[in-house]
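Down below is the structure, laid out as structure tokens.
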Amino acid sequence: MIAAAVYVLCALTSLACAVLLLRAYARRGVRLLLWSGLGFVGLALGNAVLVVDLLILPARDLSLFRSLPVLAGLAVLVYGLVWDTR
Amino acid sequence: MTGLPDDVHRFLYQYIDSVEQLEVLLLTRRSPGRSWSAGDMARELYSHPTAIVQRFESLLGRGLLRESAPGCFQYAPRSAELDRAVGRVAEMYRERRVAVISLIASKPIENVRAFSDAFRIRKKREGE
Amino acid sequence: MNRADLLLGLVSGAILMGYGVCALFFLRFWRQTHDRLFLVFALAFGLLGLQRLALVLTEPVEESRTGLYVVRLVAFLLILGAIVDKNRGDHGGSGPTSTAASAPAP
């Protein structure tokens with residue numbers, strides 16, 4: 001199914017962003033990178049939940065539940081952008 | 001770039017947001033036993049007590065000070081390693097003051113650059 | 001409208017705003033640094049926000065059946081492209097990146 005493949009790709013892309021940002025945080029200790037890295041973890045989880053929703057639990061509607069990781073991720077990302085780029 | 005040692009660079013990135021905050025930290029460190037009120041510190045640095053209270057609180061939250069009595073703060077880094085780092089920063093602030101101040105002032109844009117540089121997969125030289 | 005729908009609307013609105021705010025930040029970073037990566041990130045986050053809006057307007061159909069996942073795909077391909085662009089030709093690279101704080105040399 002194309003949609004599932006797209007979600008997998010999106011999840012992997014977000015995960016790659018998260019890994020790169022957190023790796024750089026570990027090296028340089030720039031807090032913005034921690035918040036952004038965690039934000040991308042949220043986006044990755046959001047996409048992963050979409051895959052699960054589509055392939056494994058097609059009967060259950062997880063639309064609210066699957067939005068929460070994305071919301072949390074964006075909240076953390078915005079927090080970092082607001083506080084650490086002044 | 002600034003030529004500051006890595007550990008100093010790292011500490012400034014992680015813990016320090018303004019020159020005043022650094023001054024507050026270094027002053028508490030110079031007299032480790034002393035408890036400072038915002039008023040004392042403000043007189044010493046020609047600043048406002050309300051600004052100093054904010055500096056105290058952020059340093060407290062980062063594990064560099066402790067509140068020895070209500071409204072009074074004392075140098076108390078949460079690890080020996082952190083104490084050493086502050087010592088190195090103090091040294092650099094004496095010897096290369098302009099470099100330290102420039103780094104603190106350019107921190108926001110440096111953070112933004114660090115975000116972009118994080119997406120370089122192959123490691124670049126780190127001391128940059 | 002039941003409670004779950006209301007909550008979903010609330011969360012979708014917050015997500016839409018989150019994407020929008022991030023997109024604006026990335027746009028500002030692009031203007032400050034002229035680093036292409038930020039422009040692409042701004043576009044991607046803007047697209048994701050618009051996708052979310054479109055999704056709410058077409059609810060309750062599943063995203064996978066609306067074709068809107070194509071927008072999501074484009075957004076993430078943009079991000080992937082930005083990363084590739086960043087790593088292409090490591091010598092020089094894309095745009096001004098690494099650090100140039102103006103401290104005088106000792």
Side-chain angles (χ1 to χ4, degrees), chain B residues 1-23 25-26 58 85-128, chain C residues 15 17-49 71-106:
Chain B
M1 40 161 248
T2 58
L4 289 170
D6 274 355
D7 54 341
V8 172
H9 202 112
R10 219 180 130 80
F11 179 86
L12 292 173
Y13 262 131
Q14 220 162 352
Y15 293 94
I16 301 299
D17 297 320
S18 67
V19 174
E20 187 177 68
Q21 190 189 15
L22 179 62
E23 293 268 6
L25 175 65
L26 295 183
S58 58
V86 179
R88 296 270 294 141
V89 171
E91 196 183 309
M92 281 301 124
Y93 194 54
R94 268 196 315 274
E95 291 170 11
R96 317 243 346 253
R97 183 168 300 231
V98 175
V100 171
I101 292 174
S102 306
L103 179 65
I104 295 172
S106 64
K107 192 174 154 179
I109 193 79
E110 287 301 305
N111 281 351
V112 169
R113 291 211 173 92
F115 182 98
S116 176
D117 285 342
F119 291 96
R120 273 183 203 286
I121 291 163
R122 239 185 300 154
K123 272 189 218 156
K124 225 165 40 90
R125 285 289 313 132
E126 216 152 293
E128 82 279 3
Chain C
I15 287 176
M17 185 59 102
Y19 279 131
V21 170
C22 291
L24 286 174
F25 266 103
F26 288 133
L27 207 55
R28 197 184 85 190
F29 298 161
W30 175 63
R31 289 187 52 180
Q32 286 172 336
T33 63
H34 301 282
D35 185 332
R36 266 200 305 270
L37 180 125
F38 289 121
L39 181 60
V40 179
F41 268 58
L43 278 173
F45 275 71
L47 269 181
L48 287 171
V71 181
R72 182 188 292 266
L73 175 64
V74 171
F76 279 93
L77 285 178
L78 279 172
I79 292 178
L80 213 51
I83 299 176
V84 171
D85 182 44
K86 186 86 195 170
N87 287 281
R88 209 174 37 189
D90 223 29
H91 312 289
S94 77
T97 50
S98 189
T99 57
S102 50

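Basis for what follows: all heavy atoms, side chains included, without hydrogens, waters or symmetry-related copies. Quick caveat: nothing in here was measured; it's all calculated off a predicted structure. Residue numbers start from 1 in every chain, and the chains themselves are labelled A, B, ... in the order their sequence lines are given, proteins ahead of strands.
Geometric assessment of B:R97 against the ring of B:Y93 yields a positive cation-pi assignment under the 6.0 Å and 45° thresholds.
If you check the side chains of B:Y15 and B:Q21, you find no donor sitting under 3.5 Å from an acceptor.
Residues of residues 40-48 of chain C lying under 4.5 angstrom from chain B, judged on non-hydrogen atoms, are C:F41 by number.
The closest donor-acceptor contact from the side chain of B:S106 to the backbone of B:L103 lies under 3.5 Å.
Of the charged side-chain nitrogens involved, at least one lies within less than 4.0 Å of a carboxylate oxygen, so that C:D35 and C:K86 count as a salt-bridged pair.
Considering CG of B:L4 and CD of B:E95, their distance stands at 10.5 Å, rounded to 0.5 Å.
Listed by chain and residue number, B:D7, B:E91 satisfy the salt bridge (charged side-chain N to carboxylate O under 4.0 Å, His left out) test with B:R88 (two or more places apart in sequence, or in another chain).
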